[in-house]
Amino acid sequence: MNNLDQSINIFKALGDKTRLSIVYSIMNEEKSVNAIVNELKMTQSAISHQLQVLKLNGIIKAERRGKEVYYSLDDDHVKFIVQTVENHASHISNE
């Protein structure tokens, strides 16, 4: 897959409200699936499905510790992208 196609897939993955909410949830600290489920008030299966999409697109990473899986952003580029879009959205809404 070339860079343009990968970029499109990343924007598509971040374009979903649930997935973006997950990214915001783990932006500053890693969290377990259960913590994300409780925070977003959704079922574990719904959250797990969205986590898989984010993981397949290189947006998040997972680390198993015992029976728990903890999720965090894959790298600081993701945080930068999300914050940049948020800043731009804020700029647009203030015009």
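The model shown is predicted, which means the values in this text are computed figures rather than measured ones. Computed over heavy atoms, backbone and side chain alike; hydrogens, waters and symmetry mates excluded.
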Distance, nearest 0.5 Å, that separates CD1 of I22 from CG of L73: 11.5 Å

Can a cation-pi geometry be assigned to R65 and Y70, taking NZ or CZ under 6.0 Å from the six-membered ring centre and within 45° of the ring axis? yes

Separation between OG (S32) and CD1 (I26), nearest 0.5 Å, reads 11.0 Å

Can you measure from CD1 (I81) to CG (D76) and round to the nearest 0.5 angstrom? 11.0 Å

Nearest heavy-atom contact between R19 and A13 is NE-O, 2.8 Å

Closest non-hydrogen atom pair between M42 and A46, with its separation: CE-CB, 4.0 Å

In terms of hydrophobic clustering (I, L, V, M, F, W, Y; side-chain heavy atoms under 4.5 Å; direct or indirect links), are F11 and V23 co-clustered? no

Give the cluster check for V69 versus I59: same hydrophobic cluster or not, with ILVMFWY residues linked at side-chain heavy-atom distances below 4.5 Å. yes

Specify the closest pair of heavy atoms between G58 and D74, including all atoms of both residues, with the distance to one decimal. O-CB, 3.2 Å

Compare every heavy atom of T18 with every heavy atom of L40, then report the nearest pair and how far apart it is. CD1-O, 4.4 Å

Same apolar cluster (I L V M F W Y, side chains within < 4.5 Å links), I36/Y24: yes

Can you confirm whether M27 sits close enough to V82 that some side-chain heavy atom of one is under 4.5 Å from a side-chain heavy atom of the other? yes

In terms of heavy-atom contacts, does CG of N2 have more than 12 from other residues, nucleotides or ligands at under 6.0 Å? yes

Spatial distance of atom CG (L51) from atom OH (Y71) [nearest 0.5 Å]: 5.0 Å

Just how far is it from atom OG of S45 to atom CD of Q50, taken to the nearest 0.5 Å? 10.0 Å

Looking only at non-hydrogen atoms, find the nearest pair between K31 and S25 and report the distance. NZ-O, 2.9 Å

Under 3.5 Å, is there a donor-acceptor pair linking the side chains of K61 and S72? no

Flag, side chain of S7 to backbone of N3, donor-acceptor distance under 3.5 Å: yes

SB check K79 E86 (cutoff 4.0 Å): no

More than 12 heavy atoms of other groups within 6.0 Å of F80 CZ: no

Shared hydrophobic cluster, L14 / I8 (ILVMFWY, side-chain heavy atoms < 4.5 Å): no

Do K41 and E39 meet the salt-bridge criterion of a basic N to acidic O distance under 4.0 Å? no

Closest heavy-atom pair, K55 versus I60, reported as atoms and distance to 0.1 Å, is N-CG1, 3.6 Å

Is V33 reachable from V53 through a run of I, L, V, M, F, W or Y residues, each pair having side-chain heavy atoms under 4.5 Å apart? no

